[in-house]
Amino acid sequence: MMLFRTINLVTCLASVLLLTTCKRPFSDRAQDLSVFRFSENGAPVTMDPVQSATQYANLMTTSIYDQLYEYKYLARPYELKPRLAEAMPEVSEDGLTYTYRIKKGILYADNECFPAGKGREVTANDFIYSMRRLFDPKARSQGAWLWQGKIKGLDEWKEEGADYSKPIEGLRALDDYTIQIILNKPFPQLTYTFAMGFSSVTPREAVEHYGKEFGLNPVGSGPYKLKSFSTKKAILVRNENYREEIFSLEEEGYDPKTQSGFGLERLEGKKLPIMDTTEVYFMEESMTRWNSLNKGTEIHFGGIPTELTHMVAEELNPLVLKAKYAEKFTAMNLPDLGTVYLYLNMSDPKIGHHSDPEQNRRNLLLRKAISAAYDWPQRSRRFYNGTAALFPGTIPPGLDGYDEAFTPEMTEPDYEKAKAYLKEGGWNADNLPVLDYNGTASVQNKQMYEQFRGWMEKIGYPRKKIPYVPFATFGDFNKAVKQRNCTLIGMAWGLDYPDAENVLQLFYGPNGSPGSNSSNFNDPTYNEMFEKSVVMQPGPERTEIYKKLNQIIIDDVPAVCGISRNTPFIWHKNVVFLPSRNPHGSLFKYALVFDESDDQ
Amino acid sequence: MSEENISTGRDSLWSKSRRKLMRDRAGVAAMIVVGAYGLIAILVYLGLIGENWSTLGEEGFGGMSSEHWFGTNINGQDIFSRAIQGIKTAFEVGLVVAVTATAIGGILGAIAGYFHRTIVDEVIMWLYGCIDAIPFYLFVAAVAFSLKGTDLQPWGMHIAMIATFWSSTCRIVRGEVIKIRGLEYIQAAKAVGVGPLTIVRRHVMPNTTHILLVQSTIAFVGAIKSEVILTFLGLGVVDGVSWGTMLSESTSDVLRGHFGNFLGASGFLFVLVISFNMFADALQDALDPKKVSS
């Protein structure tokens with residue numbers, strides 16, 4: 001008996017010892033106010049700037065690396081401000097030569113790739129090296145398309161073997177702090193591109209030191225450096241070499257009328273980055289994120305799952321939380337700077353361009369019928385909480401070229417008109433073509449497909465003539481789109497920079513698949529006008545051309561558009577953080593977690 | 001358990017079995033339910049009922065009403081109509097898989113049994129051993145992937161099921177045939193010079209019919225369950241409605257407080273599977289020669 005008691009005692013003690021020596025669980029660190037815990041719905045696979053094509057990778061690279069410019073935190077519409085650059089660029093009169101001066105005394109974070117492990121000063125040559133890397137086939141860059149054919153001699157440098165010792169006429173460091181870029185033709189959006197993660201300034205030592213592991217060992221001069229990384233979590237800690245940067249509401253474009261309820265006033269005068277540590281949790285499951293957020297002691301920031309919005313929110317547009325949640329959280333609907341489309345493959349003669357003028361006319365009427373029957377308001381109500389911004393055309397509201405005369409009512413369906421188009425084109429149930437509806441295999445995509453098919457049934461399109469042809473992954477789907485193998489293509493586009501050129505180029509003929517023009521629209525008038533507009537500086541003349549280009553998209557229907565989504569985000573009351581996505585990169589340096597008891 | 005001797009001396013094994021089946025009340029009830037499902041499937045197939053399954057309603061997530069017995073889904077589509085479309089899908093898959101897999105399993109099992117301990121037997125045993133060793137859902141995914149871009153793509157799930165379901169029938173039939181091949185009438189047929197394949201076709205296979213009948217019911221219900229699971233996982237029915245589609249939709253519906261898809265699909269599936277299992281048990285009991293002749 002004594003023996004059993006002794007064994008029991010030892011077992012209990014061992015269990016207690018085991019539990020207390022285990023790593024403390026997440027919730028026990030609730031009072032750690034030096035950590036901001038952010039969540040994302042996906043994880044990056046690399047933090048190499050030249051491969052940061054996803055929003056997850058871009059979030060990490062813009063936290064760790066410096067770019068020449070960034071967007072003001074609070075200004076809407078979005079406004080650029082210098083980051084590594086000292087000021088806005090000097091541009092020659094012909095718009096072909098840009099001169100950028102960078103700040104002096106900016107240091108990289110300490111890292112073993114540098115002599116004695118001490119971060120050295122960032123120079124103009126680092127920028128030149130980083131731009132060259134984008135065009136170096138060995139770096140497997142995903143961002144070169146932004147500057148393809150635009151910088152004098154850069155494409156030729158790539159074709160001649162990407163030899164770093166050879167000079168490039170249009171890409172030079174005039175001295176340690178001055179960069180000169182000469183363009184082949186005017187590209188007014190050039191400076192916007194230097195606010196993207198792709199253009200991060202990278203030290204050559206780090207690339208050479210880490211080799212293939214560079215993507216997991218980022219070394220930059222940004223506000224944070226990477227402490228650890230896994231597919232579940234990244235820990236970012238303050239870069240102790242980061243320059244003196246003080247937050248100013250005025251400089252960031254603060255608007256008290258629309259932004260006064262978020263506690264941003266607390267940030268005034270604080271040194272950036274405010275938090276010593278930011279932990280980024282990669283949580284794909286929306287319910288997992290919600291549970292972690294709602295627990296109150298885990299992540300600070302996340303989204304409201306669409307399935308739960310009715311439970312959490314009193315009103316959705318504008319977002320008003322129920323009292324129980326309003327006590328704990330601050331929330332907002334985050335507008336997406338982008339659009340959702342249904343591309344119609346114009347290279348498919350069943351529905352798109354056709355060599356026979358009569359068939360071409362009939363195909364146009366068919367596309368118009370599809371567009372007229374498309375019920376964007378219903379799509380928004382059923383899949384986007386009824387909060388999406390509705391507008392005709394491809395240019396979202398707020399951008400240069402958006403026609404203020406447009407109203408959301410213009411996106412309402414008109415089934416009678418749609419039927420009239422079909423009749424005019426001589427289409428009937430027997431001769432209507434079979435149109436594959438393509439997308440990624442998911443429950444929601446199938447529901448969206450069924451909704452689309454239901455609209456088409458209303459105008460007399462036989463159910464069997466619109467089959468669902470899904471792809472297992474987005475990669476497979478995208479590949480098929482790039483090979484022009486899809487007919488009806490449900491996709492979205494997030495703007496890389498706040499200029500309508502970025503959406504209008506989606507319909508420029510030479511950008512056809514495998515380029516970004518997934519509808520393969522190729523209209524000579526459109527192409528000519530677009531070519532004219534891309535070299536123009538912002539102004540009334542360019543605005544008029546943008547409007548005309550937008551109208552061509554509405555009239556010729558290479559895509560049925562459009563809406564911009566609004567995503568409901570929510571964060572703890574003791575956190576100051578105004579979320580934003582593209583064109584912004586990381587905003588972690590502005591996040592603040594404070595002790596609520598100090599306010600009482 | 002003692003049973004009433006129902007033999008009259010003139011009855012065939014089939015008539016004895018039929019009478020025994022009809023005396024099994026649970027079995028008969030199950031048969032009626034399965035018959036009702038079959039009838040609904042035929043009516044749906046002929047387009048006489050459930051044709052409005054794809055029609056969009058004005059508002060999504062409508063409650064139960066006289067118009068929509070199980071309510072409506074996110075697109076305002078009638079869940080009851082979609083559930084009975086699911087019966088058609090289930091019966092289509094079940095019938096194709098059950099008939100084909102049982103036929104293949106029966107034929108290969110009879111050949112393997114008759115040619116017991118020969119190379120033919122070894123090859124067939126090796127084949128079903130290999131098939132059984134591959135995890136079913138991985139196998140389906142592999143088949144679906146390999147058929148991608150071909151005309152057979154919509155049949156990927158059927159092909160994968162047939163390729164795996166035949167093996168259990170084959171194994172049982174093989175065992176039965178090994179027993180049969182030693183009986184006198186087979187020896188007599190051999191003695192008068194009847195060819196081996198003719199013996200298999202005319203004298204062996206007819207004596208395995210009761211096994212094939214039971215195995216086909218098991219394959220039928222197994223195929224329906226697998227179809228629902230595979231569709232739920234995104235590997236099954238692509239175009240059209242299945243209970244699996246409804247269940248996968250219900251995963252987010254229930255969080256919104258809407259249970260129509262879940263109750264509709266799982267209710268119909270539950271009743272069909274229970275009924276078919278009970279029917280299969282009753283059929284097995286009725287067709288078991290030992291029990292029938294006892």
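Chain identifiers are assigned alphabetically (A, B, ...) following the order of the sequence lines, protein sequences preceding nucleic acid strands; residue numbering begins at 1 within each chain.
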Does [X] have more than 12 heavy atoms from other residues, nucleotides or ligands lying within 6.0 Å of its [atom1]?
{"X": "A/Lys417", "atom1": "NZ", "answer": "no"}
{"X": "A/Lys322", "atom1": "NZ", "answer": "yes"}
{"X": "B/Tyr137", "atom1": "OH", "answer": "yes"}
{"X": "B/Phe139", "atom1": "CZ", "answer": "yes"}

- Message: With heavy-atom distances below 4.5 Å as the criterion, would you say the side chains of A/Val443 and B/Ser252 are in contact?
- Response: no
- Query: Applying salt bridge (charged side-chain N to carboxylate O under 4.0 Å, His left out), which residue pairs with at least one partner in residues 88-103 of chain B are found, sequence neighbours left out?
  - Reply: none
- Could you name each residue pair satisfying salt bridge (charged side-chain N to carboxylate O under 4.0 Å, His left out) that touches residues 428-456 of chain A, not counting sequence neighbours? A/Glu450-A/Arg453, A/Glu450-B/Arg82, A/Arg453-B/Asp239
- Message: Which atoms of B/Thr251 are under 4.5 Å from chain A, going by heavy atoms: the side chain, the backbone, both sets, or neither?
- Response: neither
Which atoms of [X] come close to chain B, meaning under 4.5 Å heavy atom to heavy atom: side chain ones, backbone ones, both, or neither?
{"X": "A/Thr309", "result": "neither"}
{"X": "A/Gln444", "result": "neither"}
{"X": "A/Glu457", "result": "side chain"}

- Query: Mind checking what makes salt bridge (charged side-chain N to carboxylate O under 4.0 Å, His left out) contact with A/Lys350, not counting sequence neighbours?
  - Reply: A/Asp348
- Message: Just verifying a value: how many Å separate A/Gln451 CD and B/Ile74 CD1, rounded to the nearest 0.5 Å?
- Response: 8.0 Å
- Query: Rounded to the nearest 0.5 Å, how far apart are CZ of A/Arg379 and CG of B/Asn75?
  - Reply: 8.0 Å
- Contacts with chain A made by residues 50-67 of chain B (heavy-atom distance under 4.5 Å), listed by residue number: B/Glu51, B/Trp53, B/Ser54, B/Leu56, B/Gly57, B/Glu58, B/Glu59, B/Gly60
- Could you check which of A/Arg382, A/Glu307, A/Met448 has the highest count of heavy-atom pairs closer than 4.5 Å to chain B? A/Arg382
- Judged by atom type as modelled, is there a donor-acceptor pair below 3.5 Å linking the side chain of B/Arg256 to the main-chain atoms of A/Leu308? no
